[in-house]
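Have a look at the structure below, then the notes.
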Amino acid sequence: MSATSGSPWTAPGARLLVTGGAGFIGSQFVRQILARSDGTRITVLDKLTYAGSEANLEPVRADAEQAGRLRFIKGDIADASVVEQLVADADAVVNFAAESHVDRSILDPEAFLVTGVIGVHVLLEACRRESERVSSGLRPSAQRFVQVSTDEVYGSVETGQSLETDALAPRSPYSAAKAAGELLAMSYHVTYGIDVVVTRGSNTYGPYQHPEKLIPLFVTNALQDLPLPLYGDGLQRRDWLHVADHAGAVEHVLRHGVAGEIYNAPAGIELPNREVVRRILEATDRPWSLVRTVEDRPGHDRRYAMDGSKIEALGWRASVGFDDGLARTVEWFRANEAWWRTARSGDWDAYYARQYGARLAESRATEAG
Ligand code: NAD
Ligand code: TDX
């Protein structure tokens with residue numbers, strides 16, 4: 001029996017508050033759960049930053065039964081006046097909301113701290129209030145809070161695999177904010193007895209990912225025969241987790257995780273960036289000559305790799321292979337050009353010029369492989 005079976009968030013008709021549910025991984029989580037038609041009801045709270053879009057929830061809206069179990073609220077997790085009632089109405093809160101792109105955190109860190117630290121604090125304070133209502137008999141049962149964190153909190157891992165008990169050593173404003181967010185969440189477990197679980201997923205890819213990230217950037221650039229800006233020597237290593245697996249891991253921890261515990265969610269597919277790029281070019285049928293070596297990301301983490309024994313013991317492991325996952329992702333981007341062209345509008349040109357303009361002007365060709 002799982003540690004949490006019988007809890008309201010595992011029961012039929014559970015009410016979930018999914019923050020950041022209009023983003024890449026959050027919307028996958030929402031689509032995946034509502035598609036099962038098991039009665040689960042979801043409220044999405046999302047600020048709709050440049051990275052979020054209601055279009056990511058379109059498949060839910062297209063099905064009347066699923067749409068009836070989804071409520072969408074545009075709002076900020078750092079705004080207590082919005083958050084309090086939504087948290088009060090939920091059996092569990094699953095927090096995906098974050099600024100999520102490392103390069104943007106290097107250009108402008110502040111929003112990362114506001115959402116990743118203050119926003120998490122506001123959500124936790126609302127949970128604390130509900131837990132006090134449980135103690136005074138005003139609420140029938142306790143809530144669960146799931147903080148979606150990342151392998152980046154371990155910092156760059158030159159050898160071996162990170163364990164959940166390893167020290168945190170974040171090295172970018174993004175990962176420092178993520179580390180702060182999960183530490184704060186765990187402190188609410190220890191201090192106030194809130195039921196908190198934390199997931200640390202690895203690099204994620206798949207449909208609906210904003211084209212600022214490596215795989216969708218290189219796929220959409222390749223489809224337009226634009227240069228692919230590879231940072232430094234391109235030998236940095238990442239562990240590539242398909243978004244359906246990442247959402248599945250978060251749901252598994254929501255349902256079966258033990259309160260106060262942290263779970264790595266690796267894919268076990270560690271590849272150097274150059275190899276990822278080679279496979280993208282193969283899948284899009286484009287030449288290596290599109291690849292340009294550009295100035296490296298400052299403080300670029302060389303490698304992430306996590307040990308997955310703990311979540312495997314809980315009954316979860318990743319199931320999507322990289323070649324299959326990448327082929328389906330490229331197919332999705334080919335078929336959804338309107339979606340990615342919208343994502344590459346608004347502030348995109350200004351961001352692209354700032355991040356890549358000088359880099360590409362000074363770039364050089366790079367040897368294949
Ligand atoms: P994303 O940028 O695609 O989505 C983030 C969503 O949060 C967007 O819809 C955005 O509008 C929303 N949001 C941002 N600030 C908000 C605020 N203040 N209030 C309410 N909503 C807000 O990110 P993603 O890739 O889907 O990542 C989701 C979570 O998973 C993040 O917490 C991220 O740190 C974590 N994560 C991501 C990866 C990855 O490879 N993408 C890997 C591990 C962990
Ligand atoms: O233009 C690029 N060129 C390039 O060489 C970009 C955008 C990336 N890269 C490299 C940097 C990394 O080594 O590719 C690798 C992957 O980069 P990103 O897609 O930016 O991901 P990363 O920095 O590894 O962080 C991701 O995984 C962990 C997510 O963005 C985070 O939200 C998550 O926590």
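Keep in mind it's a predicted model, so treat the numbers as computed, not measured. When a ligand or atom number is given, it counts from 1 through the structure's own listing order.
In summary, E54 and R61 engage in a salt bridge, as defined by a charged side-chain N under 4.0 Å from a carboxylate O. Between E125 and R128 there is a salt bridge, with a side-chain nitrogen of the basic residue lying less than 4.0 Å from a carboxylate oxygen of the acidic one. Between R200 and E182 there is a salt bridge, with a side-chain nitrogen of the basic residue lying less than 4.0 Å from a carboxylate oxygen of the acidic one.
V30 and V93 fall into different hydrophobic clusters, where Ile, Leu, Val, Met, Phe, Trp and Tyr side chains are chained together by heavy-atom contacts under 4.5 Å. Linking Ile, Leu, Val, Met, Phe, Trp and Tyr whenever their side-chain heavy atoms come within less than 4.5 Å leaves Y304 and L235 in two separate clusters. There is no path of hydrophobic side-chain contacts, each under 4.5 Å, that joins I25 to Y174. Linking ILVMFWY residues whenever their side-chain heavy atoms come closer than 4.5 Å, directly or via other members, leaves V148 and V102 in distinct clusters.
Within 4.0 Å of ligand 1, protein heavy atoms belong to G20, A22, G23, F24, I25, D46, K47, L48, T49, A51, G52, G75, D76, I77, F96, A97, A98, S100, T115, V148, S149, T150, Y174, K178, G201, S202, N203, T204, H246, listed by chain and number.
Protein heavy atom closest to atom 13 (O) of ligand 2, with residue, atom name and distance, is H300 NE2, 2.7 Å. Of all protein heavy atoms, the one lying nearest to atom 25 (O) of ligand 2 is E152 OE2, 2.5 Å. Protein heavy atom in closest approach to atom 9 (N) of ligand 2: Y231 CD1, 3.4 Å. Atom 19 (O) of ligand 2 has its closest protein heavy atom at L214 N, 2.8 Å. Here the protein heavy atom with the shortest distance to atom 15 (C) of ligand 2 is N273 ND2, 3.5 Å. What sits closest to atom 3 (N) of ligand 2 on the protein, heavy atoms only, is P229 O, 2.8 Å.
If you take CG on N273 and CZ on R237, they are separated by 10.0 Å, rounding to the nearest 0.5 Å.
Between L230 and ligand 2, not a single N/O pair is under 3.5 Å apart. Of the N or O atoms in R238, one or more lie within a sub-3.5 Å distance of an N or O in ligand 2. Taking distance alone, with nitrogen or oxygen atoms compared against 3.5 Å, Y174 approaches ligand 2 more closely than that limit. The shortest N/O to N/O separation between W240 and ligand 2 does not fall below 3.5 Å. Note: no N/O pair closer than 3.5 Å links T204 and ligand 2 by distance alone. The shortest N or O to N or O distance between Y304 and ligand 2 is not below 3.5 Å.
For E312, the side chain to side chain donor-acceptor pair (under 3.5 Å) criterion is met by R317, not counting sequence neighbours. Y231 pairs by the side chain to side chain donor-acceptor pair (under 3.5 Å) definition with D103, Q355, Y356, not counting sequence neighbours. In this view, E275 and R278, R279 satisfy the salt bridge (charged side-chain N to carboxylate O under 4.0 Å, His left out) rule, not counting sequence neighbours.
The option with the heavy atom closest to atom 18 (P) of ligand 2, from among E212, R292, R297, K178, is R297. Ranked by closest heavy atom to atom 21 (O) of ligand 2, the top entry among L228, D296, N203 is N203.
For the pairing with T204, the side chain to side chain donor-acceptor pair (under 3.5 Å) check across Q209, R238, Q28, H246 returns one residue only, H246.
Residue-ligand proximity, Y356 to ligand 2, at heavy-atom distances under 4.0 Å covers atoms 1 (O), 2 (C), 6 (C), 7 (C). For ligand 2 and H101, the ligand atoms under 4.0 Å from any heavy atom of the residue are 20 (O). Short contacts between ligand 2 and Q236, defined as distances under 4.0 Å to a heavy atom of the residue, involve ligand atoms 13 (O). The ligand atoms of ligand 2 that sit less than 4.0 angstrom from a heavy atom of K213 are 19 (O), 30 (O). Residue contact check: L217 has heavy atoms under 4.0 Å from atoms 1 (O) of ligand 2. Contact atoms of ligand 2 toward V102: 23 (O) (distance under 4.0 Å to a heavy atom of the residue). Of all the atoms in ligand 2, the ones that sit under 4.0 Å from a non-hydrogen atom of T150 are 28 (C), 33 (C), 34 (O).
Residue Q355 places every heavy atom at 4.0 Å or more from ligand 2.
Residues P229 and N221 are in side-chain contact: their nearest non-hydrogen atoms beyond the backbone lie under 4.5 Å apart. Side-chain contact between L230 and V277 is present, with heavy atoms from C-beta onward closer than 4.5 Å. Under the 4.5 Å side-chain criterion, counting only non-hydrogen atoms from C-beta, F96 is not in contact with T19.
Ring geometry for F322 versus W240: interplanar angle of 30 to 60°, hence tilted.
Annotation: cation-pi pair R344/Y351 absent, no NZ/CZ under 6.0 Å from the ring centroid and within 45° of its normal.
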